[in-house]
Asks: 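I am attaching a structure below and will ask some questions about it afterwards.
Remember, it's a predicted structure, so these values are computed and weren't measured experimentally. All ligand and atom numbering here is 1-based and tracks the order in the structure. Because only heavy atoms are used, hydrogens play no part in the values below, and waters and symmetry mates are left out as well, while side chains stay in.
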Amino acid sequence: MELIGPDHPRYDELRRPALPQYGHVRPAVIAHCSTTDDVVEALSYARAHDLPVAARSGGHCFAGHSSTTGLLLELSGLSGLSVVDRKATIGAGARLADVYRGLHEFGLTIPAGCGPTVGIAGLTLGGGLGLLGRKYGLTCDRLVAATVVLADGRVVECDEEQEPELFWALRGAGGGQFGVLTSLVFAAVPSPAATRFTLTWPRARAADVIDAWQTWAPDAPDDITASLAVTADEARIFGATLTAEDFGPLGRLGGELCVRSGLSWPALKRSFSDEDVPDDRIIYSKSEFFAAPLPRDTIAQLLAAGCELSFTPMGGAYNHVPPDATAFAHRTERFLLEHAAPDHDAVRRSWSIAHPHASGHLYPNFPDPDLTDPAAYHGANHPRLLAVKNTYDPHWFFRQPLGAAR
Ligand SMILES: Cc1cc2nc3c(=O)[nH]c(=O)nc-3n(C[C@H](O)[C@H](O)[C@H](O)COP(=O)(O)OP(=O)(O)OC[C@H]3O[C@@H](n4cnc5c(N)ncnc54)[C@H](O)[C@@H]3O)c2cc1C
């Protein structure tokens, strides 16, 4: 383990998270870890110096939980990938683009998100939505084992048989709560050839598009994942299909269709990340799950509020799993709606317009500093998560403050 202080030449590069709003947070020390033993040693150092700890894999936490003024557990050195019998063992510091590339060499992939630099560990711990999710479920639904360093420095292997309650809690409650994962084992799936599509309309058609999308996309065949983004200029439906190219009622709305067929899975994922141009602008966001369509007048009010709106379809394999089978409680939702803008108050206003129609549940991977009710993040799974917390981290060494299993 390498301990990196503020005078070290790599300190600034390593301390910066993906989201610029947390770029000002300066850790007392960064523990750059490359092995499970490094993590054990770093936690021991933190305990000895009474430093709060934040684990960081990809650094994309919306609530800044992977930034700290204490000890930053920087896991990018733990990024190995190996495959035996379709079981993929992936280091907790690996990023999604590397995961897709590495697995594709074995003809495999896992259902996971689009952001190429999102960390596999944070994504999995909070669930994991992506373009294969409606077919194969959440990223955490494919997790079959993990290596975890506990608060007291013990290293445990967990799966359905060993430490089953911890294994249950790691699948979808959100990162940073029960221990530090150093590697994750997934039941991988075949890496498909797929079709990428976009359907675009001028923003003036956005109300019709939202209305049609919300009654179709969550019930579409599981092979199709169609997300919807409404920006200042346009309404755009985009996604991937493994088979059918039938866009239901959307096909009748006359948008401009662009299709690229026969893409390898990493190429399809890359084609979406090419559009994801990073910059230093601070964008605020809030989101919620919906179990029923939004009424027409609410759609009109949302469009008038002017935030960017992103709709992600649920349904499909996400909802084939019972809500208590893993810690991820949100198995009856139809879609996730995210509101985003540089103005935080505008985002709050937009969220308030839709909120009366929401299910009141939040995606643990989209934590919201305004919303701290654990039941919103964990539903009826909250008491069981609390019991796991008190078993594996009874002194609350990992002080995750928000949506935590308190
Ligand atoms: C640009 C962007 C694109 C995104 N795209 C998607 C998407 O397509 N699908 C989707 O579902 N979500 C997406 N998200 C949300 C993403 O899933 C969450 O932000 C997720 O928590 C990021 O994980 P990370 O490892 O990158 O982040 P980090 O900030 O490193 O970690 C997130 C949380 O997990 C904890 N943690 C990290 N590593 C470990 C570990 N090894 N052991 C224990 N705890 C750990 C951290 O302390 C923190 O609390 C996106 C977010 C952004 C900013």
Asks: Quick one: side chain to side chain donor-acceptor pair (under 3.5 Å) pairs with a partner in residues 302-318, sequence neighbours left out?
Replies: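 Matches after skipping sequence neighbours: none remain.
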
Asks: Quick one: which of Gly174, Ala18, Gly115, Ser67 has a heavy atom closest to atom 5 (N) of ligand 1?
Replies: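 Nearest option to atom 5 (N) of ligand 1, by heavy atoms: Gly115.
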
Asks: When you compare ligand 1 with Leu19, is there at least one nitrogen or oxygen pair between them that comes in under 3.5 angstrom?
Replies: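 Between Leu19 and ligand 1 (N or O atoms, distance only) the closest approach is not under 3.5 Å.
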
Asks: Should the pair Asp222-Lys135 be classified as a salt bridge under the 4.0 Å nitrogen-to-oxygen rule?
Replies: no

Asks: Which atoms of ligand 1 sit under 4.0 Å from any heavy atom of Gly179?
Replies: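 Counting atoms of ligand 1 from 1, those under 4.0 Å from Gly179 are 42 (N), 43 (C).
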
Asks: With side chain to side chain donor-acceptor pair (under 3.5 Å) as the rule and sequence neighbours excluded, what pairs involving residues 102-117 come up?
Replies: His60-Thr117, His104-Ser191

Asks: Need the ligand 1 atom indices (1-based, order shown) with element for anything under 4.0 Å from a heavy-atom of Leu125.
Replies: 42 (N), 43 (C), 44 (N), 45 (C)

Asks: Can you name the atoms of ligand 1, numbered from 1 with element, that are less than 4.0 Å from a heavy atom of Gly128?
Replies: 11 (O)

Asks: Please step through salt bridge (charged side-chain N to carboxylate O under 4.0 Å, His left out) for the pair Arg154 and Asp152, ending with a clear verdict.
Replies: CA-CA 6 Å; Arg154 273 183 303 143; Asp152 60 9; 3.0 Å; yes

Asks: Determine, considering heavy atoms only, which of Pro364, Ala55, Ser76, Gly176 sits nearest to atom 47 (O) of ligand 1.
Replies: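 Nearest option to atom 47 (O) of ligand 1, by heavy atoms: Ala55.
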
Asks: Is the NZ or CZ atom of Arg331 both under 6.0 Å from the centre of the six-membered ring of Phe328 and within 45° of that ring's axis?
Replies: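 Relative to the ring axis of Phe328, which defines the angle, Arg331 lies outside at least one limit.
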
Asks: Within ligand 1, which atoms have a heavy atom of Leu75 less than 4.0 Å away?
Replies: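 Answer for ligand 1: 41 (N).
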
Asks: I want to check a possible cation-pi pair here: Arg384 against Trp168, using under 6.0 Å from ring centre and within 45° of the ring axis as the test.
Replies: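 Yes; both conditions hold, so Arg384 lies above the ring face of Trp168.
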
Asks: Short N/O distance, under 3.5 Å, between Gly58 and ligand 1?
Replies: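 The answer is yes, given that Gly58 and ligand 1 share an N or O pair closer than 3.5 Å.
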
Asks: Taking distance alone, with no angle check, do Cys61 and ligand 1 share an N/O pair under 3.5 Å?
Replies: yes

Asks: Between Asp38 (side chain) and Cys33 (backbone), is there a donor-acceptor pair under 3.5 Å?
Replies: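 Between the backbone of Cys33 and the side chain of Asp38 there is no qualifying donor-acceptor contact (under 3.5 Å).
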
Asks: Could you tell me whether Cys114 and ligand 1 have an N or O pair separated by under 3.5 Å?
Replies: yes

Asks: Cation-pi check for Phe272 against Arg196: NZ or CZ below 6.0 Å from the six-membered ring centre and within 45 degrees of the axis, yes or no?
Replies: yes

Asks: Give the contacting part of Thr117 toward ligand 1: side chain, backbone, both or neither, where contact means a heavy-atom distance below 4.0 Å.
Replies: neither

Asks: Any atoms of ligand 1 less than 4.0 Å from a non-hydrogen atom of Ala121? List them with their elements.
Replies: 38 (N), 41 (N)

Asks: List every atom of ligand 1 that sits less than 4.0 Å from any heavy atom of Phe62, numbering the atoms from 1 in the order shown and giving each element.
Replies: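 Heavy-atom distances to Phe62 below 4.0 Å select 15 (C), 51 (C), 52 (C), 53 (C).
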
Asks: Drop me the distance from Thr147's OG1 to Glu157's CD, to the nearest 0.5 angstrom.
Replies: 3.5 Å

Asks: Hey, is Ala63 one of the residues with a heavy atom under 4.0 angstrom from ligand 1?
Replies: no

Asks: Show your working on salt bridge (charged side-chain N to carboxylate O under 4.0 Å, His left out) between Asp345 and Arg348 and close with a plain yes or no.
Replies: CA-CA 5 Å; Asp345 288 334; Arg348 291 190 174 111; 3.3 Å; yes

Asks: As a check for students: among Tyr363, Phe366, Phe272, identify the option with a heavy atom nearest to atom 11 (O) of ligand 1.
Replies: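 Checking each option, the heavy atom nearest atom 11 (O) of ligand 1 is found in Tyr363.
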
Asks: I need the contact type for Thr139 against ligand 1. Using non-hydrogen atoms and a strict under-4.0 Å cut-off, is it side chain, backbone, both or neither?
Replies: neither

Asks: Hey, does Gly59 sit under 4.0 Å from ligand 1 if you only count heavy atoms?
Replies: yes

Asks: Please confirm whether Ser57 comes within less than 3.5 Å of ligand 1 when only nitrogen or oxygen atoms on both sides are compared.
Replies: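 Yes; the residue has a nitrogen or oxygen that sits under 3.5 Å from a nitrogen or oxygen of the ligand.
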
Asks: Would Gly122 count as being in polar contact with ligand 1, using the rule that some N or O on each side must be under 3.5 angstrom apart?
Replies: yes

Asks: Give me the atom names and distance for the closest heavy-atom approach of Leu362 to Phe366.
Replies: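 Smallest interatomic distance, heavy atoms only, reads CD2-O, 4.3 Å.
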
Asks: What residue among Phe290, Phe289, Trp351 forms side-chain contact (heavy atoms from CB on, under 4.5 Å) with Leu337?
Replies: Phe290

Asks: Quick check: Leu181 and ligand 1, any N/O pair under 3.5 Å apart?
Replies: yes

Asks: For Asp219 and Arg334, run salt bridge (charged side-chain N to carboxylate O under 4.0 Å, His left out): C-alpha distance rounded to whole Å, both residues' side-chain angles, the deciding distance at 0.1 Å, then the answer.
Replies: CA-CA 8 Å; Asp219 300 317; Arg334 288 183 62 78; 3.0 Å; yes

Asks: Which ligand 1 atoms are under 4.0 Å away from a heavy-atom of Arg56?
Replies: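 So the atoms of ligand 1 that pass are 30 (O).
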
